[in-house]
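Worksheet for the structure shown next.
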There are 2 protein chains.
Amino acid sequence: MQNSPFRNAAQREADRAAKRDAVLRAAVRMFNERGFFATSLDDVAASLGISKRTIYHYLANKDQVLLECITIGLEQLLEAADEARAEPGSGRDRLVKFLRRYVEINMDDFGICVSRTGEEALSRESLPRYRALKKKIDVAMRQILAEAVEDGSIGPIDVKMTAFTLAGALNWPGRWYDPKGALTPAEISEAMVKVLMGGLDPRS
Amino acid sequence: MQNSPFRNAAQREADRAAKRDAVLRAAVRMFNERGFFATSLDDVAASLGISKRTIYHYLANKDQVLLECITIGLEQLLEAADEARAEPGSGRDRLVKFLRRYVEINMDDFGICVSRTGEEALSRESLPRYRALKKKIDVAMRQILAEAVEDGSIGPIDVKMTAFTLAGALNWPGRWYDPKGALTPAEISEAMVKVLMGGLDPRS
DNA sequence: AGCACAATACACTTGTGAGTGCATATTGAT
DNA sequence: ATCAATATGCACTCACAAGTGTATTGTGCT
């Protein structure tokens, strides 16, 4: 059975996926370090000890490489929103949970890529998908905020403006976070959320 | 006297400066619209009805064009800090003044360029100056925060982390602000600062 | 009148990097 | 053993954009 075609087919697909992933990981690291435009696929290939042609076997073009990286990051954020929403506790508790996770994701390879990449980097064809995901996250953020306002666990705030403000603050670490720095992502995330929540807590 | 050489020399220099400025303005608009890397100096020249060679008469290279644009934006921020510091009133008042202005600058052409441009876009030679200016602004922000904490007009907070958090939130509008949108810069700035200050106000 | 220099254009070089055609190796299926 | 498909490398094309050499025009200065 260990030689059954099923097993083999699955194995092969897994191999392929693993290689594709490795390409994306290498690419996102270089994008984050030197910037998307300063990174050639030749560079990425070299860093993996393969040739550029091989990359094109797993991904259609450079634009798709970027889109995949960004998608991974954005999907992590969406997951974080879902998880937070499923949590017990007050609306405020769920919000804090979400924010904490949000910041941490933004200090991960793919999250950093998301916060560093603007629309200019993507092709016309990739934009719709990118925007759709962004929108979803914004909607999720607003929903979580609205729920917390609803149950009174945070003060009454302008949900839309607050979502923008939070998004900006939370994305920022993607720009300056240095893994070799003194603070861990968890510490940074805690401190930032503390600062931000002050403005949201109900006041007497 | 209107033909005195002084007048003429000054006039000429003013003309030159005006042209240089026009180039920078045209360039920054295109950078903001399509991104720095997607904008060629040929494009910029065409938008002014001149040839690329003319641009090179006023600026050494593309890198310098960008550096000048960014410098203008960053210097506006520094000015804002100085003005805020000179203001009467409590530390909190001065802080609010600064934050309000900060956000507004980030919705102006040169400010947008600052918030959209990362270090990857600049050359090795330009980086030191860029970093020095950034640092100055960070220092100013922390100083203003520290003064407000000092005089008790805002709550005791972690100055460093708060400065980072604020910077992120305040830079964000540069990414999404649309001059044709419903909200004016002043409205956006007011709403954002309101959200943020909540977290800084002393609580009873 | 003529000089010096600023301003501007045109046409060119050059480097780089995305994407591809083709040849080759490897491996599972029959 | 052989075939088909997948994986990979090499070498190429092609487009584009940064930057420059050179010629030309305009203008203030003496």
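No hydrogens, no waters, no symmetry mates; every other heavy atom, side chains included, goes into these values. Nothing here was measured: the structure is a model prediction, and the numbers come from that model. Chain identifiers are assigned alphabetically (A, B, ...) following the order of the sequence lines, protein sequences preceding nucleic acid strands; residue numbering begins at 1 within each chain.
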Looking at DNA chain D, which of residues 18-47 of chain A put a heavy atom within less than 4.0 Å of it?
A/K19
So, for B/E104 and B/A186, which heavy atoms are closest and what is the spacing to 0.1 Å?
OE2-CA, 3.9 Å
Residue set satisfying salt bridge (charged side-chain N to carboxylate O under 4.0 Å, His left out) with A/R53, at least two apart, ordered chain then number -> none
d(NE2, B/H57; C1', C/dA7) in whole Å:
6 Å
Step by step, would you call B/S153 with B/D151 a side-chain hydrogen bond (donor to acceptor under 3.5 Å, both in side chains)?
CA-CA 6 Å; B/S153 54; B/D151 77 5; 2.5 Å; yes
May I ask you to test the B/V103-B/P185 pair for a side-chain heavy-atom distance under 4.5 Å?
no
Quick one: A/I55 CD1 to D/dA7 P, roughly how many Å, whole number?
15 Å
Can you list the residues that meet the salt bridge (charged side-chain N to carboxylate O under 4.0 Å, His left out) rule with A/R131, with sequence neighbours excluded?
A/E119
Using side chain to side chain contact (heavy atoms under 4.5 Å, CB included) as the criterion, list what pairs up with A/E83, not counting sequence neighbours.
A/E79
Short of 4.0 Å, heavy atom to strand atom, which residues of residues 58-71 of chain B count as contacting DNA chain D?
B/N61, B/K62
Does the separation of the ring centres of B/W176 and A/F164 fall below 6.0 angstrom?
yes
By side chain to side chain donor-acceptor pair (under 3.5 Å), B/N32 pairs with (sequence neighbours left out) none
Would you tell me if any nitrogen or oxygen in the side chain of B/R53 comes within less than 4.0 Å of OP1 or OP2 on C/dC10?
no
Counting distance alone, no hydrogens or angles: does the base of D/dG19 have a donor or acceptor under 3.5 Å from a partner atom on the side chain of B/K52?
yes
How many Å lie between CG on B/L48 and P on C/dA9, as a whole number?
10 Å
What nucleic acid atoms does B/S51 come within less than 4.0 Å of, heavy atoms only: base, sugar-phosphate, or nothing?
base
